[in-house]
Amino acid sequence: MTNFNDNFERAMELPMPARTFAKLNAAGDFVSLTVRPGLINKHVTAEQLQVLAQLADEAAVKYSAGHSFIVSVEQQKLEAVVAKLTAVGLYAIQPGARAVVKCCDFCDGDRLEALSFARELLQQIEQLPMKKRLRIGFNACTEACYNAVRDDIGLVYHNGYIDLYAGAVQMGRRASSGTLWKRKIPEHELLPLLQNILSDFEQSDCKTFAAFVKRGE
Ligand code: SF4
């Protein structure tokens with residue numbers, strides 16, 4: 001019989017990490033990379049796990065609340081590490097303030113109606129430098145199971161139209177979902193609109209996107 005009790009007891013030892021980004025960075029010069037199996041795919045291959053295992057041996061790897069691994073990398077090894085990640089198809093987001101698009105997994109590739117739009121969105125917006133990291137959730141159907149409405153900007157696709165949610169507060173005691181800002185935006189109108197929103201936020205004196213949205217209400 002499968003022994004889940006032993007498994008639970010082992011987990012209840014509550015191990016704490018010996019190496020974290022903070023500890024490593026206090027002793028050296030480290031950066032932290034956000035790493036994902038792909039822009040849409042969420043399955044990890046054996047060779048990707050081998051690369052992550054090697055990086056965990058050298059420094060630290062943890063997983064985050066944002067569907068990503070956080071990989072600590074010594075600054076002087078960054079170029080070599082990114083080349084290793086690229087070789088096995090692991091996607092790396094540069095450190096720093098950028099727009100980051102978090103896509104759902106398109107039902108593991110079974111629902112691809114929104115793929116060409118998502119490709120355009122990623123090409124235009126992903127990793128755009130911003131004053132602050134801005135999370136843009138893209139969910140490819142109205143089930144929105146990847147919680148786009150909890151991101152700074154949530155995009156929910158349906159039959160060639162997108163509902164845009166904005167203003168979520170992701171952390172803290174006042175955490176809340178974004179509100180529906182605009183409904184049924186045709187695909188061809190979404191990108192120019194989004195670029196205008198990002199540019200207006202950049203030029204505003206608002207520190208957070210939620211404050212920017214609140215001011216516009
Ligand atoms: S949001 Fe829709 S298309 Fe995307 S993974 Fe969830 S159910 Fe599938």
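Just the heavy atoms: all of them, side chains too, but no hydrogens, waters or symmetry mates, feed the values below.
- One hydrophobic cluster, built from ILVMFWY side chains closer than 4.5 Å, cannot hold both L39 and I70; they sit in different ones.
- The backbone N or O of D57 sits less than 3.5 Å from a side-chain atom of R19, completing a donor-acceptor pair.
- To the nearest 0.5 Å, atom CG of residue N159 and atom SG of residue C141 are 10.5 Å apart.
- Side chain to side chain, Y157 and E113 fail the donor-acceptor criterion of an N or O pair below 3.5 Å.
- In the hydrophobic clustering of this structure, F30 does not group with Y63; members are Ile, Leu, Val, Met, Phe, Trp, Tyr whose side-chain heavy atoms approach within less than 4.5 Å, directly or through other members.
- Once rounded to the nearest 0.5 Å, the distance linking CD1 of I162 with CD1 of I185 reads 7.0 Å.
- Among all heavy-atom pairs drawn from A210 and A168, the shortest one is CB-O, 3.8 Å.
- Note on Y161 and L194: separate hydrophobic clusters, where clusters join Ile, Leu, Val, Met, Phe, Trp and Tyr whose side-chain heavy atoms are under 4.5 Å apart, directly or indirectly.
- Formation of a donor-acceptor pair under 3.5 Å by the Q75 side chain with backbone atoms of D29 is not found in this model.
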Would you please test L85 and L33 for side chain to side chain contact (heavy atoms under 4.5 Å, CB included) and show each step?
CA-CA 11 Å; L85 296 172; L33 279 182; 4.0 Å; yes
Residue pair F69, L52: steps toward the side chain to side chain contact (heavy atoms under 4.5 Å, CB included) verdict
CA-CA 9 Å; F69 296 104; L52 289 172; 3.7 Å; yes
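- Under a cut-off of 6.0 angstrom, the local environment of NZ in K184 is sparse, with at most 12 non-hydrogen atoms contributed by other residues, nucleotides or ligands.
- Of the listed residues (N5, N7, D6), just one forms a side chain to side chain donor-acceptor pair (under 3.5 Å) with N3, and that residue is D6.
- Taken from CZ in F106 to CG in L112, the straight-line distance is 7.5 Å, to the nearest 0.5 Å.
- Linking Ile, Leu, Val, Met, Phe, Trp and Tyr residues whenever their side-chain heavy atoms come within less than 4.5 Å places V100 and L190 in a single cluster.
- Judged purely by atom type and a 3.5 angstrom limit, D105 has no side-chain atom pairing as donor or acceptor with the backbone of N41.
- Within a 6.0 Å sphere centred on NE2 of H67, heavy atoms belonging to other residues, nucleotides or ligands number more than 12.
- For the pair A140 and C104, the tightest heavy-atom approach, listed with the atom from each and the gap, is N-SG, 3.3 Å.
- In terms of heavy-atom proximity, N139 sits nearest to N147 at OD1-N, 3.4 Å.
- A donor-acceptor contact shorter than 3.5 Å is absent between the side chain of S68 and the backbone of S64.
- Considering all non-hydrogen atoms of both residues, L24 and A60 come closest at CD1-CB, 3.8 Å.
- Counting only residues at least two apart or on different chains, the salt bridge (Lys or Arg N to Asp or Glu O under 4.0 Å) pairs with a member in residues 145-164 are K102-D151.
- The aromatic ring centroids of F138 and Y146 lie 6.0 Å or more from each other.
- F21 and V31 get closest at one heavy-atom pair: CE1-C, 3.5 Å.
- Among pairs with a residue in residues 73-101, those fulfilling salt bridge (Lys or Arg N to Asp or Glu O under 4.0 Å) read E74-K77, at least two apart in sequence or across chains.
- Summarising the geometry of L90 relative to P37, their closest heavy-atom pair is CD2-CA, 3.9 Å, with the distance given to 0.1 Å.
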Counting only pairs under 3.5 Å, give me each side-chain donor-acceptor contact of residues 122-134, with atom names and distances, residues two or more places apart or in other chains.
unit_1 : atom_1 : unit_2 : atom_2 : d
Q124   : OE1    : Q195   : NE2    : 3.4
Q124   : NE2    : E120   : OE2    : 3.2
E126   : OE1    : V101   : N      : 2.6
E126   : OE2    : Y91    : OH     : 2.5
Q127   : OE1    : Q94    : N      : 3.2
Q127   : OE1    : Q94    : NE2    : 3.3
Q127   : NE2    : Y91    : OH     : 3.0
Q127   : NE2    : A92    : O      : 3.3
K131   : NZ     : F201   : O      : 2.8
K131   : NZ     : S204   : O      : 2.8
K131   : NZ     : C206   : O      : 3.0
R133   : NH1    : T34    : OG1    : 3.2
R133   : NH2    : Q94    : O      : 3.3

